[in-house]
Amino acid sequence: MFKTILVWVFGALLLLQAIQITIPEPEAVDPKEEIKAPQEIMTMLRTSCYDCHSYETRLPWYGNVAPISWEVRSHIKNGRAWLNFQTWERYDEEKKQKLYKGIAKTINFSMPIPMYLSLHEEAKLTREQREEIKKWAESNIKEEY
Ligand code: HEC
């Protein structure tokens, strides 16, 4: 009985592998289009945000195993669509301002995504680091927007 269930579960998991979210191929980017920030901010963005907010995604092995991969890949797809630090200079000032505000707002709580952090020790940010990112984002907010 137990064996039969196992076989079915395994078979179902195999079938799920046929359904996969494809992440669009990275576009060619000019290094000049990347966001410019002080070195220590860039380092934090690269280690904690770039997996979803750039084309430099390090896809983990479970990023290929459905159904977990659906979650992982949709984060990458949506994360890039909302904000891609590598194509920053393609945004107009209004969009940049929205994003700076978004960063200042989300950095204390929802970004990086908590679920992601539970699997990525290296991307964890201390309270001080979050505060630094927040200050940097706020320093870029212009009053007229
Ligand atoms: C695991 C993937 C992932 C990581 C890592 C991640 N994000 Fe996001 N981010 C997303 C997704 C997905 C969205 C789209 C909105 C949503 O689903 O909440 C998003 C949206 C955003 C937005 C726009 C939301 C708004 O309300 O303005 C900002 C700003 C943002 N992220 C900043 C960051 C910063 C800064 C980091 C690093 C410190 C980071 N994110 C790390 C996945 C990620």
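Bear in mind that the values here come from a model prediction, so they are computed numbers and not experimental data. Hydrogens, waters and symmetry mates are skipped; everything else that's a heavy atom, side chains included, is used. Order of appearance sets the numbers: ligands from 1, and atoms from 1 within every ligand.
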Output yes when a side-chain donor or acceptor of [X] lies under 3.5 Å from a complementary backbone atom of [Y], and no otherwise.
X: Ser48; Y: Leu45; answer: no
X: Gln97; Y: Lys142; answer: yes
X: Gln17; Y: Leu13; answer: yes

Inset, instruction - Mind checking the CG-CZ spacing from Asp51 to Arg58? Nearest 0.5 Å is all I need. - result: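 Spacing of CG (Asp51) from CZ (Arg58) equals 4.0 Å.
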What protein heavy atom sits nearest [atom], and how far away is it?
atom: atom 23 (C) of ligand 1; value: Trp82 CE3, 3.4 Å
atom: atom 28 (C) of ligand 1; value: Leu83 CD2, 3.9 Å
atom: atom 27 (O) of ligand 1; value: Gly102 CA, 3.5 Å
atom: atom 11 (C) of ligand 1; value: Gly79 CA, 3.7 Å
atom: atom 12 (C) of ligand 1; value: His75 O, 3.5 Å
atom: atom 38 (C) of ligand 1; value: Cys49 SG, 2.6 Å
atom: atom 1 (C) of ligand 1; value: Cys52 SG, 2.7 Å

Inset, instruction - Heavy-atom distances under 4.0 Å are what count here, so tell me which part of Asp51 touches ligand 1: side chain, backbone, both or neither. - result: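 The answer is neither; Asp51 stays 4.0 Å or more away.
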Legend entry - Pair Glu27 + Arg80: basic N to acidic O under 4.0 Å: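 No salt bridge links Glu27 with Arg80.
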Legend entry - Carboxylate-amine/guanidinium proximity below 4.0 Å for Glu33 and Arg90: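 Salt bridge: yes.
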Legend entry - Distance flag for atom 42 (C) of ligand 1, protein heavy atom under 4.0 Å: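 True for atom 42 (C) of ligand 1.
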Inset, instruction - Can you figure out which of Leu125, Ile107, Thr106 has its heavy atom closest to atom 26 (O) of ligand 1? - result: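 Among Leu125, Ile107, Thr106, the closest heavy atom to atom 26 (O) of ligand 1 belongs to Thr106.
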Inset, instruction - Quick one: the NE2 of His53, atom 8 (Fe) of ligand 1, SD of Met111 angle, rounded to 10°, please. - result: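 For NE2 of His53 and SD of Met111, the angle centred on atom 8 (Fe) of ligand 1 reads 170°.
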Inset, instruction - Could you note down all residue pairs passing ring-ring contact (aromatic ring centres under 6.0 Å, His included) where residues 26-57 supplies at least one of them, sequence neighbours left out? - result: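 Every pair satisfying ring-ring contact (aromatic ring centres under 6.0 Å, His included) with a residue in residues 26-57: Tyr50-Phe85.
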